[in-house]
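Here the structure comes first, spelled out in structure tokens, and everything after it is commentary.
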Amino acid sequence: MAKTIQAIRGMHDVLPEQTPLWQAVEATIREVLSAYGYSEIRLPIVEKTELFKRSIGEVTDIVEKEMYTFDDRNGESLTLRPEGTAGCLRASLEHGLLPNQSHRLWYYGPMYRHERPQKGRYRQFIQLGVETYGMPGPEIDAELLLIMERLWQKLGLRAHVRLELNSLGTLAERAVYREQLVTYFETHSQQLDDDSKRRLHTNPLRILDSKNPALTEVIANAPVLFDYLGEDSKAHFTAVTDLLTHLGIAYQINPRLVRGLDYYSKTVFEWVTEQLGAQGTVCAGGRYDGLIEQLSGKTGHAIGFAMGMERLLALLENQNTLALAKPVQVYLVRVGEQAQRPGLYFAERLRDAIPHLKLQVNMEGGSFKSQFKKADKSGADYAIIVGDDEVAQGVISIKSLRDEQGQRALTDAEAIRFFQQLYL
RNA sequence: GUGGGCGUAGCUCAGUUGGCAGAGUGCAGGAUUGUGAUUCCUGUUGUCGCGGGUUCGACCCCCGUCGCUCACCCCA
């Protein structure tokens with residue numbers, strides 16, 4: 001058993017038992033996004049390493065130690081995408097969707113980060129990404145949150161998530177604040193733990209988010225980012241919160257909310273839950289106006305978010321709010337030499353008559369008993385029986401597996417009509 | 001990268017101060033020569049994660065290793 005090849009650590013199979021839930025969630029997501037006029041964009045999973053280094057930030061953990069990077073045959077360094085924003089923006093710039101245009105886009109697919117797996121954190125994980133370009137005003141910030149609000153409600157998860165909100169200001173404003181913050185923490189460095197001392201040089205804003213209770217006091221007395229924001233940033237943030245209030249979306253301002261990626265500015269947000277242990281962030285995002293200029297040299301506006309699908313599914317597994325599709329509605333049992341071909345032919349006629357009918361034909365053989373067991377296990381509503389007796393009499397037998405309707409013998413045409421009335 | 005817990009049948013898990021490897025479930029067959037889900041009977045599944053050591057003897061003790069899992073870090 002140990003010799004058989006296993007999946008790569010942190011990369012999981014979604015088994016048939018789980019796929020109906022995934023499909024239901026995916027359908028709900030498409031429904032909500034299309035209600036707001038968003039278009040799907042499909043992007044490569046591999047990009048040039050340089051793209052991620054330049055957009056995410058050279059000194060972030062993702063770039064420093066979590067990327068799946070390898071050399072192509074021509075010696076060029078390539079990387080399995082650790083997130084979607086950079087690739088989406090790259091594609092949009094490359095194909096002239098930017099700048100000076102507005103777009104509302106979404107994508108869905110696997111991302112890769114070489115981290116130690118734990119609950120809600122995997123090396124391959126599926127993200128839904130939503131990105132919008134060309135809209136500087138606070139209304140698009142609010143629209144993204146409205147989309148999520150609507151999605152939570154459709155999924156029956158509204159009570160399980162909380163919206164936290166903050167503004168990081170512009171890159172320039174944050175740089176000034178960052179300097180002040182580093183100075184402050186340096187003068188209090190004897191009160192910092194090892195992790196925080198390390199962050200002082202990598203990502204000092206992260207210290208504010210520390211889980212160490214010993215740091216509560218130092219953090220509480222630290223300079224507050226909001227005081228360093230310019231008039232424009234403050235007005236933008238106020239407008240966003242005002243819109244949310246009037247649209248009836250509950251939120252909490254979290255002045256210590258700091259996104260991990262370098263490119264964020266102004267509005268940032270996280271939807272968090274208490275139910276997933278340490279990985280409580282299910283959906284997060286923010287504005288990244290500066291990244292467009294960074295990658296293209298031209299100014300622009302962008303805001304988006306990403307949602308972790310495995311985390312969403314983990315939340316959903318405790319619920320029972322979605323109607324899941326059955327893989328099989330009707331199961332056809334064939335018994336006896338004379339019944340094999342006629343059973344198969346009838347199945348095709350039935351599929352012609354009801355194209356979306358989910359009809360499975362038993363080909364495993366076996367006794368009546370075992371075929372009925374499989375019919376029952378398939379979850380089908382009805383079993384169709386084609387046996388030698390039926391063939392001799394020119395009929396098809398139909399038996400309900402979910403109630404006490406009993407069994408009936410019908411001609412082919414009657415049987416087709418019977419199922420048409422039920423499923424067409 | 002660091003630390004804790006756990007690896008026994010397809011699945012969920014018992015097990016013994018070191019002495020023939022178990023149950024439930026699933027699967028197959030039968031009771032019912034053509035009828036599932038309930039009931040009863042019978043049968044079936046193992047390199048006890050892998051490698052080494054100690055021992056007359058190791059699923060059990062020791063060392064190493066791999067995997068899973070949870071937490072730190074970080075993030076969706």
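Here is how names work: the chains are called A, B, and so on, in the same order as the sequence lines, proteins then strands, and each is numbered from 1. All values reported here derive from a predicted model rather than from experimental measurement.
Nucleotide B/G36 holds its C1' atom 14 Å from the CG atom of A/Asp381, rounded to whole Å. A/Gln371 places its CD atom 10 Å from the P atom of B/G29, with the value rounded to the nearest Å. At whole-Å resolution of the value, CZ in A/Phe372 and C1' in B/C27 are 19 Å apart. Summarising the geometry, the separation between CG on A/Asn203 and P on B/C74 is reported as 8 Å, rounded to the nearest angstrom. At whole-Å resolution of the value, CD1 in A/Ile384 and C1' in B/U35 are 15 Å apart. Separating the NZ atom of A/Lys373 from the C1' atom of B/A28 is a distance of 8 Å, rounded to the nearest angstrom. Taking atom CE on A/Met111 and atom P on B/A76, their separation rounds to 11 Å, with Å as the unit. Counting to the nearest Å, the P atom of B/U38 and the CG atom of A/Asp403 are 17 Å from each other.
Interface remark: the A/Lys399 side chain does form a donor-acceptor pair with the B/U35 base, using a distance-only criterion of under 3.5 Å. Between the base of B/U35 and the side chain of A/Gln407 there is a donor-acceptor pair shorter than 3.5 Å. For B/C75, its base sits under 3.5 Å from the side chain of A/Arg311 at one donor and acceptor pair at least.
Comparing the C1' positions of B/C11 and B/G26 gives a spacing of 7 Å, expressed to the nearest Å. Distance check on atom C1': B/A21 versus B/A58 gives 13 Å, rounded to whole Å. The gap from the P atom of B/U69 to that of B/U12 amounts to 12 Å, rounded to the nearest Å. Rounded to a whole angstrom, the distance from the P atom of B/G3 to that of B/C73 is 16 Å. The same atom, C1', is picked in B/G7 and in B/G49; the two are 6 Å apart, to the nearest Å. Comparing B/G15 with B/U32, their P atoms sit 41 Å apart, to the nearest whole Å. Nucleotides B/C48 and B/A14 are separated by 13 Å at their C1' atoms, to the nearest Å. Look at the P atom in both B/U55 and B/U17: the space between them is 22 Å, to the nearest Å.
Remark: B/U42 base-pairs with B/A28. Criterion, Watson-Crick or G-U wobble with two distances under 3.5 Å. With a 3.5 Å ceiling on both atom-pair distances, the Watson-Crick or G-U wobble partner of B/G7 is B/C66. The pairing partner recorded for B/U2 is B/A71, the criterion being a Watson-Crick or G-U wobble arrangement whose two distances lie under 3.5 angstrom. Base pairing annotation: B/C56 forms a Watson-Crick or G-U wobble pair with B/G19, both donor-acceptor distances under 3.5 Å. Remark: B/U33 base-pairs with no nucleotide; criterion is Watson-Crick or G-U wobble with both hydrogen-bond distances under 3.5 Å. In this structure, B/U47 makes no Watson-Crick or G-U wobble pair, since no nucleotide meets both defining distances under 3.5 angstrom.
Nearest nucleotide to the A/Ser367 side chain, out of B/G29, B/C72, B/A76: B/G29. Here the side chain of A/Arg206 is nearest to one of B/U35, B/C73, B/C75, namely B/C75.
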Check your understanding: Checking side chain to side chain contact (heavy atoms under 4.5 Å, CB included) for the pair A/His301/A/Ile292: CA distance, chi angles, key distance, verdict?
Key -> CA-CA 7 Å; A/His301 299 280; A/Ile292 294 179; 5.6 Å; no

Practice item. Please assess A/Gln294 against A/Tyr288 for the test side chain to side chain contact (heavy atoms under 4.5 Å, CB included), listing each intermediate value before the final yes or no. Key: CA-CA 10 Å; A/Gln294 205 176 310; A/Tyr288 52 96; over 6 Å; no

Hey, what are the protein-to-nucleotides 1-4 of chain B N/O distances that come in under 3.5 Å?
from : atom 1 : to       : atom 2 : distance (Å)
B/U2 : O4     : A/Arg116 : NH1    : 2.7
B/G3 : O6     : A/Arg116 : NH2    : 3.4

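Residue A/Lys374 places at least one side-chain N or O closer than 4.0 Å to OP1 or OP2 of B/A28. Using a 4.0 Å cut-off, no side-chain N or O of A/Arg402 falls inside it from OP1 or OP2 of B/G36. The side chain of A/Gln118 places an N or O atom within less than 4.0 Å of a non-bridging phosphate oxygen (OP1 or OP2) of B/A71. Contact annotation: A/Lys377 reaches the phosphate of B/C27 (side-chain N/O to OP1 or OP2, under 4.0 Å).
Taking 4.0 Å as the cut-off between side-chain N and carboxylate O, A/Glu31 and A/Lys154 count as a salt-bridged pair. With salt bridges taken as basic N to acidic carboxylate O contacts below 4.0 Å, none links A/Asp194 and A/Arg199. A salt bridge links A/Glu348 with A/Arg351; the closest basic N to acidic carboxylate O contact falls under 4.0 Å. Salt bridge status for A/Arg121 with A/Glu115: present, with a side-chain N to carboxylate O gap under 4.0 Å.
When the nearest nucleotides of RNA chain B are assigned to A/Gly366 and A/Met307 by heavy-atom distance, the more 5′-ward of the two goes with A/Gly366. Two residues, A/Glu83 and A/Asp388, neighbour RNA chain B, and the one matched to the more 5' nucleotide by heavy-atom proximity is A/Asp388.
Side chains of A/Gln118 and A/Gln279: a donor-acceptor N/O pair is present below 3.5 angstrom, by distance only.
Taking all atoms of both residues into account, the shortest heavy-atom contact from A/Leu208 to A/Ala222 is CD2-CB, 4.2 Å.
A/Gln124 pairs by the side-chain hydrogen bond (donor to acceptor under 3.5 Å, both in side chains) definition with A/Tyr112, not counting sequence neighbours.
A/Ile398 pairs in a side chain to side chain contact (heavy atoms under 4.5 Å, CB included) with only one of the listed residues (A/Val330, A/Ile385, A/Leu410), which is A/Leu410.
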